[in-house]
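Starting from 1, each residue takes its place in the sequence as its number.
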Amino acid sequence: MTFASPRMIQLSAVLHPELQGCYERHILSCADDVDLEALVNDMNSSLESLYSTCSSQQTESAPLLHNGQNSCSHHHHIQHNQPRQQTSLRRSQPMHILAFRRLQVEEQQLRTSSLPAIPNPFPELCSPASSPVLSPGSLPPREPSSDKYIVKIFSEDGIGKVVEIPADMTARDLCQLLVYKSHLVDDNKWSLVEHHPLLGLERCLEDHELVVQVQAFMNSDSRFLFRKNYAKYEFFRNPLTFFPEHMVAWCQESDHTIPPSQLLQNFLSTSSCPEIQGHLYMKEVGRKSWKKVYMFLRRSGLYCSTKGTSKEPRHLQLLADLEESNIFTVTLGKKHHGAPTDYHFCIKPNKTRGEMKELRMLCAEDEQSRTCWMTAFRLFKYGIVLYQNYGVPQQTKTLLSHFSAPVRSVSENSLVAMDFSGRIGRVIDNPVEAQSAAMEEGLVWRRKTRMHILGSHSPLHHSSLNSVIHIAQLWFYGRITREESHRIIHQQGQVDGLFLLRVSQSNPKAYVLTLCHHQKIKHFQILPCEEDGQVFFSLDDGVTKFTDLIQLVEFYQLNRGVLPCKLKHPCTVVAL
């Protein structure tokens with residue numbers, strides 16, 4: 001009689017059912033001395049045959065656990081003592097890594113789809129599915145490319161930075177890359193500017209444009225600039241300011257009853273036929289003279305009438321095709337081109353290197369008319385794509401708002417305002433007094449911090465500190481001319497509340513606040529006034545006095561006061 005040791009019985013109990021027979025045959029055929037090497041070889045060959053059989057057959061589907069195993073695989077060792085013909089088990093199979101990764105991707109998509117959708121105010125302008133929700137992937141997909149290209153970006157101070165980008169990188173992606181590398185605040189107001197210094201032309205690239213394709217048709221002297229542009233999508237927020245009713249043809253036909261939302265819908269929808277009309281000065285080809293003509297801007301192109309204000313097809317002449325052209329701002333000034341006004345712009349074909357004979361030089365009567373022509377050109381050319389570009393940052397901000405809410409700790413919730421000015425501290429119960437104390441403490445802290453930034457190791461006099469404390473601010477431009485301030489305001493977008501501060505040219509001790517309101521640039525003089533031996537700054541002849549220019553700017557950012565609007569957007573020049 002053959003006896004098996006307890007260790008062998010325990011081993012046979014945990015073996016796979018296919019391997020139990022092999023193990024039992026060795027136990028019965030051997031005496032007390034077991035040939036372990038033969039046992040191991042037989043088990044290995046049986047294991048290989050088992051997996052080869054399982055991989056060639058289609059196994060039954062069984063519910064999977066989180067680790068990829070079958071839910072019934074843990075019952076195998078319980079039924080080892082039953083007859084083999086009665087044990088129809090669902091055997092576990094090795095799960096491939098690709099299948100496990102697919103499950104992870106599906107879980108990630110499920111979590112993403114559970115986020116709230118952004119309502120689309122123009123559902124009829126979407127894709128053929130007419131989805132009422134705009135998705136970030138509404139733009140046509142691009143094939144990934146492994147090619148790398150070298151692009152040089154310049155800042156306003158003339159310093160350039162070389163960046164290696166792929167062929168499918170858009171202008172928005174490159175701006176976000178520069179914001180990240182330069183440690184700037186990503187407020188979706190940065191733009192990439194195509195600048196031609198010899199021609200005196202520049203334009204802001206649209207967010208969806210490919211940088212490499214634009215660079216392919218630029219001259220050797222042309223360059224990309226990295227700049228703020230607050231007015232890129234301002235017409236979506238206030239369309240009536242950008243499209244005066246006397247310039248929109250169908251507004252006059254409907255007795256001026258078009259709401260702002262309908263105004264934008266007609267411009268974005270391809271089924272409607274809006275039209276911009278008005279007089280423009282046009283520079284004749286090959287001549288220095290300018291001619292005033294009546295023009296029409298439609299989706300098919302820019303036309304001029306050869307007979308007064310007639311719209312008959314036989315009287316219309318095509319000047320530029322929107323699909324094959326881009327619109328630029330002229331920066332060389334009216335003296336260079338002999339323009340009748342300062343509000344001139346240019347239409348340049350896409351696939352030309354920029355010869356003067358190929359450019360269409362135009363000039364408007366005022367800034368509002370020029371802005372209307374240029375904005376309508378962009379809308380007619382790109383349509384709903386512009387609205388998708390405008391909506392992507394808004395959707396991202398809304399999605400992130402669910403996760404970026406600040407979480408206060410328990411200790412912060414138990415804090416109270418204290419006053420330690422007397423012998424003993426007291427709790428400030430009045431909220432107004434607590435807020436005033438906090439503002440005063442913050443003001444003292446800012447002064448100490450700014451003194452440290454200025455690098456002063458010796459104590460400065462209070463008045464001398466107030467006279468230089470604003471130098472490090474982004475909105476302070478020092479001693480520049482009035483014309484230079486106009487150029488900077490225009491480059492960064494003529495929106496309400498765009499401002500900068502500069503030294504006055506007429507009074508060296510005074511400063512000037514340059515502010516944009518209703519697409520007009522206005523200047524306000526900041527005069528110093530002395531009281532009790534201390535120098536203050538005032539914008540309203542001493543009615544409201546401030547110790548320094550930073551305090552003055554912070555006040556008018558919260559209060560309009562004597563200004564036509566609050567200070568909203570500081571003109572910012574950042575070095576790369």
Practice problem: Measure centre to centre between the rings of Phe499 and Tyr556, then say whether the value is under 6.0 Å. | Solution: no
Quiz prompt | Residues in side chain to side chain contact (heavy atoms under 4.5 Å, CB included) contact with Gln176, at least two apart in sequence or another chain | solution = Arg172, Asp173, Asp186
Quiz item: Residues in side chain to side chain contact (heavy atoms under 4.5 Å, CB included) with Ile480, at least two apart?
Solution: Tyr477, Glu484, Ser485, Ile488, Leu500, Arg502
Quiz item: For Thr241, which residues count as a side chain to side chain contact (heavy atoms under 4.5 Å, CB included) partner, sequence neighbours excluded?
Solution: Asn238, Gln519
Practice problem: Taking all non-hydrogen atoms of both residues into account, name the closest pair between Tyr281 and Pro340 and its distance. | Solution: CG-CG, 3.6 Å
Practice problem: Begin with the C-alpha distance, continue with both residues' side-chain angles, and end with the deciding distance and a verdict on ring-ring contact (aromatic ring centres under 6.0 Å, His included) for Tyr387 and Phe236. | Solution: CA-CA 8 Å; Tyr387 186 76; Phe236 284 117; 5.4 Å; yes
Practice problem: Would you please say whether a donor-acceptor pair under 3.5 Å links the side chains of Gln277 and Lys311? | Solution: yes
Quiz item: Does the distance from a Lys or Arg side-chain N to an Asp or Glu carboxylate O, for Glu365 and Lys292, drop under 4.0 Å?
Solution: yes
Quiz item: For Ile526, which of Leu501, Asp540, Val512 qualifies under side chain to side chain contact (heavy atoms under 4.5 Å, CB included)?
Solution: Leu501
Quiz item: So, for Phe345 and Phe328, is the gap between ring centers shorter than 6.0 Å?
Solution: no
Quiz item: For the rings on Phe296 and Tyr303, is their centre-to-centre separation under 6.0 Å?
Solution: no
Quiz item: Is the gap between the ring centers of Phe555 and Phe546 under 6.0 Å?
Solution: yes
Practice problem: Give a yes or no on whether the ring-centroid distance for His208 and Tyr382 is below 6.0 angstrom. | Solution: yes
Quiz item: Does Tyr343 have Arg370 sitting over its ring (NZ/CZ under 6.0 Å from centre, angle to axis within 45°)?
Solution: no
Self-check item: Pair Arg203 + Glu209: basic N to acidic O under 4.0 Å
Solution: yes
